[in-house]
Amino acid sequence: MFNSLTGIITGKFPKQLLLDTHGIEWDLCVPDSNLELFPPVGSEAKVYTWLQHTDVLMTLFGFATADERTLFLDLLKVDGVGPKGAVKIMSSASSSRLLEVLERGDVEMLEKIPGVGKKTAGKMMLQLKGKLTLSQTSNVVRFEKPAAFADVIDSLASMGYEKRLVEQKVAVLAETLNADPAFADKSQKEKEDLIFRRAIVELA
């Protein structure tokens with residue numbers, strides 16, 4: 001079983017991280033909340049992994065820390081939550097936010113997380129409340145949000161989207177698009193419009 005991979009990040013996309021390890025490029029499914037924890041494209045990174053292997057598919061999931069992977073595995077213990085569902089939940093709420101909601105017993109807030117309905121929220125509360133812990137010694141660096149697109153973030157947040165999730169989406173989109181020369185040639189207004197439109201699609 002793979003515990004982790006260390007290599008050069010070659011791509012960051014919504015729920016996807018590409019990592020090159022000495023000529024082998026891995027395609028990992030990664031929660032959006034974890035993408036901002038990784039350094040920019042072209043940098044070396046360590047990715048904690050979990051492999052899903054069935055008769056019909058093989059998917060490698062990646063996480064920025066061992067804690068994030070543990071949270072993912074804990075979510076899998078909830079009846080009705082599969083790997084893709086766990087990634088969707090973690091993409092919609094950071095681990096600390098999820099822990100806070102569970103510890104408060106805030107079922108109503110939990111139901112608002114995309115991928116979590118009333119029935120699943122109840123199961124998560126029953127299975128996970130009081131059982132999740134995050135290491136206080138995790139030495140994770142969160143990368144700065146793109147200040148150039150602060151207006152885009154504010155506009156999306158004003159539409160009702162969770163600001164932290166919006167920041168994550170915009171940061172990933174900005175980093176990915178900035179690697180495209182055609183994007184670099186656009187005006188600031190054109191860049192903002194493009195990121196705004198793509199962010200809405202991803203947030204939906």
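One is the number of the first residue; the rest follow in order along the sequence. Quick caveat, the model's predicted, so the values are computed rather than measured.
- Listed here is the closest heavy atom pair of Val166 and Ala157: CG2-N, 4.3 Å.
- The cluster map of Ile, Leu, Val, Met, Phe, Trp and Tyr, joined by side-chain heavy atoms under 4.5 Å apart, puts Ile153 and Leu177 in the same cluster.
- Using a 4.5 Å heavy-atom cutoff, the side chains of Trp26 and Thr21 are in contact.
- With a 4.5 Å cut-off on side-chain heavy atoms, Phe61 and Thr59 count as touching.
- The OH atom of Tyr161 sits 10.5 Å away from the NZ atom of Lys169 when rounded to the nearest 0.5 Å.
- From Leu17, atom CG reaches atom SG of Cys29 across 10.5 Å, with rounding to the nearest 0.5 Å.
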Query - Stepwise salt bridge (Lys or Arg N to Asp or Glu O under 4.0 Å) check, Arg197 with Asp193 - result: CA-CA 6 Å; Arg197 291 197 303 272; Asp193 288 344; 5.1 Å; no
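- In this structure, a donor-acceptor pair under 3.5 Å is present between the side chains of Arg69 and Asn3.
- Between atom CG of residue Asn34 and atom CG of residue Leu71 there is a gap of 9.0 Å, rounded to the nearest 0.5 Å.
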Report task. Take Leu194 and Phe183 through the test side-chain contact (heavy atoms from CB on, under 4.5 Å) and record every step on the way to the result. Result -> CA-CA 9 Å; Leu194 180 58; Phe183 181 75; 3.8 Å; yes
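- Between the CG atom in Leu98 and the CE atom in Met109 there is a gap of 12.0 Å [rounded to 0.5 Å].
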Requested in this report: For the pair Trp50 and Leu73, evaluate side-chain contact (heavy atoms from CB on, under 4.5 Å) and give the outcome as yes or no after the intermediate values.
Outcome: CA-CA 9 Å; Trp50 183 79; Leu73 295 175; 3.5 Å; yes
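- There is a path of hydrophobic side-chain contacts, each under 4.5 Å, that joins Leu35 to Leu5.
- The CE atom of Met124 lies 6.0 Å from the CD1 atom of Ile113; values are rounded to the nearest 0.5 Å.
- The side-chain tip of Lys12 does not point at the ring of Phe38 from less than 6.0 angstrom away and within 45° of straight on.
- Around the CD atom of Gln188, the shell of radius 6.0 Å holds more than 12 heavy atoms that belong to other residues, nucleotides or ligands.
- Residues Gly62 and Pro31 share a closest heavy-atom pair of O-CD, 3.5 Å.
- Summarising the local packing, NZ of Lys15 is surrounded by more than 12 heavy atoms from other residues, nucleotides or ligands at distances under 6.0 Å.
- Transitive grouping of hydrophobic side chains (ILVMFWY, heavy atoms separated by less than 4.5 Å) brings Ile9 and Ile24 into a common cluster.
- Linking Ile, Leu, Val, Met, Phe, Trp and Tyr residues whenever their side-chain heavy atoms come within less than 4.5 Å places Val107 and Val101 in a single cluster.
- Transitive grouping of hydrophobic side chains (ILVMFWY, heavy atoms separated by less than 4.5 Å) brings Met58 and Leu28 into a common cluster.
- In this structure, CD on Glu68 lies 5.5 Å from OG on Ser33, to the nearest 0.5 angstrom.
- Side chains of Thr10 and Glu25: a donor on one and an acceptor on the other come within 3.5 Å.
- Across Asp106 and Arg104, no two heavy atoms sit closer than the pair OD2-NH2, 2.8 Å.
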